[in-house]
Amino acid sequence: MMRFSKAYIPTTKESPKDAQLPSHIYLSRAGFIAQVASGLYNFLPLGKRVLRKIETIINEEMAACGALEVDLSFVTPAELWEESGRIEKFGKELLRFRDRKENLFVLGPTHEEMMVNIVRNRVTSYKQLPLNVYQIKTKFRDEARPRFGLMRAREFVMKDGYSFHASTEDLDREFDAMEAAYKRVLERLGLKFRIVEADSGAIGGTGSKELMVLAQSGEDTLAVCDTCEYGANVEAARRAPRTDIPAAPEADFARFKTPGIKSIDDLSAFFHADPYYTLKAVVLRAVYTEGSELVCFFLRGCDELQEVKARNSVGAIDLVDASEAELSEIGLVPGFIGPLDQDKIRIVMDNDTRNATAMICGANEADYHFVGVDLGVMNEAHFADLAAVQEGDGCPNCSGKLLHTKGIEVGHIFKLGTVYSAPLKAEFLDENGRSQPFIMGTYGMGVSRLVAAVIEQHHDDRGCIWTPSTAPYLVNVMVSNVKEEAHLAYAETLYEALQKQGIETILDDRKERFGFKMSDAELIGFPYTVIVGKELDNGSVQIMIRSTREMITVDADKVIDTIGELVQ
RNA sequence: CGGGGCGUAGCUCAGUAUGGUUAGAGUACUUGGUUUGGGACCAAGGGGCCGGAGGUUCGAGUCCUCUCGCCCCGACCA
């Protein structure tokens with residue numbers, strides 16, 4: 001019998017001073033987790049139960065898809081990371097150390113290399129494909145700045161799955177199956193979420209989607225359609241072509257004196273033209289694996305540069321600010337930079353500027369702009385999607401409007417293709433007896449982050465509100481005054497009966513006062529608390545529904561039925 | 001890695017400008033008593049290398065130097 005008096009649930013009235021987010025505050029105060037060091041947490045008994053609940057749901061959904069669970073070594077030989085080239089790319093996030101024989105190892109931050117290593121030379125024929133293997137395991141990433149409790153920890157629990165295919169068509173099928181499975185997991189957890197298009201970025205591959213739990217504290221900004229299912233991380237969001245095009249300024253092509261007019265606002269006011277007709281220049285230094293160069297990104301004045309898109313457009317690892325000195329050095333005048341007649345710098349034009357007319361842009365000379373510019377002359381230039389999607393922009397898939405919202409990334413699924421299998425020479429023989437690298441997919445889900453995400457989405461000013469499938473115990477049977485022997489005896493009987501029904505229950509039999517135990521019940525967030533107290537003398541008890549804090553009075557012999565109805 | 005802040009009882013914090021009894025409060029904990037439907041009350045207790053190391057001084061939680069740790073903003077983040 002799980003008696004609260006014998007359990008280890010150290011609740012506190014005070015918040016730990018370092019905690020900022022609701023999930024961090026309440027999970028700490030309610031005794032689910034305890035911090036050990038920066039980005040490292042101990043899971044106490046309640047926290048471990050929640051973790052296991054989430055893992056169980058994931059395992060069930062993976063089994064339903066035919067995915068196979070494995071468990072790979074946490075400590076991985078550094079050679080594997082050198083082979084894939086990621087020892088450099090991952091950099092300091094990889095925690096490295098040497099064993100007694102001076103061999104170099106890293107703590108696994110993700111397991112593409114190990115998983116490929118398991119499969120290569122063992123799966124050798126297309127007849128053995130497809131294959132989908134996964135694990136739920138502790139990962140370690142030596143984050144530059146761990147923060148927000150479980151949301152961004154250095155040591156965390158992740159479900160990581162990898163699939164191997166003989167064709168891209170088969171990968172597409174599996175990718176969709178995994179998306180559906182992940183969706184079911186989040187639905188079962190009771191979370192509001194959105195599946196969004198994502199930037200595949202450094203990991204490469206042909207497509208990726210993120211699973212975002214919607215919460216104000218989310219670190220990612222999403223553009224979501226108010227009408228259809230479209231959603232995307234702003235890093236990858238697309239939009240429909242603009243329809244409400246403002247009136248164009250009337251001007252023939254000319255060079256115009258614009259003394260001291262440097263900003264888009266000034267320019268727009270000076271010419272009484274909508275910023276839509278001005279051309280914004282953003283010069284950044286693109287950093288590559290080897291070397292770097294200055295790049296000028298042009299977009300309409302009403303748009304903002306989206307850095308991830310800009311980075312992808314030139315294949316850079318990083319974009320850093322360029323100083324005015326660097327610009328002057330190559331003969332560019334900040335505030336008056338334009339794309340016409342200049343070969344001083346690499347240019348990338350936003351798609352929305354293609355064939356733009358009646359434009360105002362810098363003349364590459366101090367205090368002069370061109371007006372009435374037809375950008376059709378730039379058709380040979382490098383065009384790319386560079387602009388950040390703004391709220392109110394049109395949905396690319398329907399006639400709806402895009403809105404911004406915040407999300408917590410709890411899952412990310414990728415179509416990898418041969419990004420890992422080719423360099424690691426993981427190959428099979430196809431039907432024609434030809435050697436081919438595996439076509440791969442990878443599917444991650446942050447299990448410990450999900451614990452935090454549930455609370456970020458489900459809490460109030462009194463504490464946690466666990467969803468039925470994530471609660472450490474579904475029902476808390478609270479004895480108001482344990483000195484009332486009849487009350488305690490009834491509560492113990494009720495506890496046994498609930499357990500017999502398969503309802504996970506805890507009995508709060510502590511010698512504390514009513515208010516103290518109620519506050520704990522609310523802080524911990526059991527979905528239902530059965531209050532066994534003085535009402536029992538009238539043959540009834542009360543059930544407090546945590547999500548609404550509503551109290552309902554029920555006959556003492558109908559508690560199980562009522563709980564059953566509440567859970568459905 | 002840049003910028004800022006904080007390390008004193010299990011926890012949350014005073015005390016540090018101006019060095020000076022035995023370093024404090026609240027809470028938590030132990031014991032006894034009174035209470036018992038919204039974090040009770042009374043009484044008596046236990047608990048500290050004031051993050052660490054050097055230094056200045058007759059004397060350092062307090063001043064100086066160096067370190068380590070933690071948090072926040074930013075950069076970074078399959």
Side-chain angles (χ1 to χ4, degrees), chain A residues 10-21 24-25 28-29 31 34-40 81 84-86 89-94 108-113 115 139-149 151-154 156 158-162 198-205 208 210 219-220 233 235 287 307-308 311 317-321 409 411-416 419-420 440-446 449 462-463 478-484 487 510-523 529 531-537 541-542 544 549 551 553:
Chain A
T11 59
T12 62
K13 208 190 286 191
E14 305 266 12
S15 302
K17 64 173 174 181
D18 295 334
Q20 305 282 328
L21 284 194
H24 191 188
I25 291 170
S28 301
R29 278 189 55 202
Q35 181 169 12
V36 196
S38 180
L40 305 180
W81 294 85
S84 71
R86 283 213 294 182
K89 230 185 254 175
F90 247 101
K92 288 183 183 165
E93 277 193 35
L94 284 179
T110 172
H111 276 124
E112 279 83 4
E113 283 83 356
M115 202 62 88
K139 301 287 186 292
F140 194 95
R141 293 182 191 178
D142 200 0
E143 292 273 355
R145 183 145 98 84
R147 60 188 125 167
F148 306 144
M151 296 276 273
R152 184 170 293 279
R154 290 192 293 172
F156 58 99
M158 181 166 84
K159 176 267 172 183
D160 50 323
Y162 309 84
D199 169 50
S200 317
I203 205 171
S208 84
E210 290 168 331
E219 291 188 83
D220 291 272
N233 195 308
E235 295 174 353
V287 180
E307 273 210 32
V308 173
R311 197 196 307 158
I317 297 171
D318 195 13
L319 294 176
V320 296
D321 288 343
E409 182 189 343
H412 200 160
I413 57 178
F414 287 85
K415 292 181 184 177
L416 283 179
V419 174
Y420 291 92
M440 291 179 59
T442 182
Y443 319 97
M445 187 168 251
R449 182 179 281 182
R462 289 168 179 262
M478 191 197 91
V479 185
S480 177
N481 181 357
V482 289
K483 284 191 179 166
E484 297 283 351
H487 296 180
R510 291 176 298 170
K511 294 183 179 65
E512 297 287 350
R513 295 163 67 90
F514 177 80
F516 184 92
K517 286 189 278 199
M518 279 299 278
S519 293
D520 263 2
E522 287 169 334
L523 175 61
T529 293
I531 299 161
V532 180
K534 55 192 184 190
E535 295 289 325
L536 187 63
D537 301 335
V541 298
Q542 283 161 303
M544 191 267 289
R549 298 189 57 240
M551 295 268 218
T553 301

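We use all heavy atoms of the structure for the numbers below, so side chains are in, but hydrogens, waters and symmetry mates are not. Every chain is numbered from 1, with letters handed out A, B, ... down the list of sequences.
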For nucleotides 31-36 of chain B, which of its nitrogen or oxygen atoms have a protein nitrogen or oxygen under 3.5 Å away, and what is each distance?
| from | atom 1 | to | atom 2 | distance (Å) |
| --- | --- | --- | --- | --- |
| B/U35 | O2 | A/Arg513 | NH1 | 2.6 |
| B/U36 | O2' | A/Asn481 | ND2 | 3.2 |
| B/U36 | O4 | A/Lys483 | NZ | 2.6 |

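- Partners of A/Ser28 under the side-chain contact (heavy atoms from CB on, under 4.5 Å) rule, at least two apart in sequence or in another chain, are A/Pro16, A/His24, A/Ile33.
- Listed by chain and residue number, A/Asp508, A/Asp520 satisfy the salt bridge (Lys or Arg N to Asp or Glu O under 4.0 Å) test with A/Arg510 (two or more places apart in sequence, or in another chain).
- For A/Arg145, there are no salt bridge (Lys or Arg N to Asp or Glu O under 4.0 Å) partners two or more places apart in sequence or in a different chain.
- Under the salt bridge (Lys or Arg N to Asp or Glu O under 4.0 Å) criterion, A/Glu409 pairs with no residue, sequence neighbours left out.
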Using a cut-off of 4.0 Å between protein heavy atoms and nucleotide atoms, how would you tag nucleotides 6-15 of chain B 5' to 3' with B, S and -?
-> S----SSS--

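- By the side-chain contact (heavy atoms from CB on, under 4.5 Å) test, A/Thr110 is found to be paired with A/Trp81, A/Arg86, A/Phe90, A/Glu112, A/Arg141, A/Met158, A/Tyr162, residues two or more places apart in sequence or in another chain being considered.
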Bracket string, RNA chain B, 5' to 3' - pairs by Watson-Crick or G-U geometry under 3.5 Å, | interstrand | (((((((..((((......[...)))).((((((.....)))))).....(((((..]....))))))))))))....

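- Across all strands shown, A/Asp318 has heavy atoms under 4.0 Å from sugar-phosphate atoms exclusively, and none from any base.
- Not counting sequence neighbours, the partners of A/Asp537 by the side chain to side chain donor-acceptor pair (under 3.5 Å) test are A/His487.
- Here A/Val320 pairs with A/Arg285, A/Val287, A/Asp318 under the side-chain contact (heavy atoms from CB on, under 4.5 Å) rule; sequence neighbours left out.
- Considering only residues two or more places apart in sequence or on other chains, A/Phe148 meets the side-chain contact (heavy atoms from CB on, under 4.5 Å) condition with A/Leu21, A/Met151, A/Glu219.
- Residues satisfying the side chain to side chain donor-acceptor pair (under 3.5 Å) criterion with A/Ser519, sequence neighbours excluded, are absent altogether.
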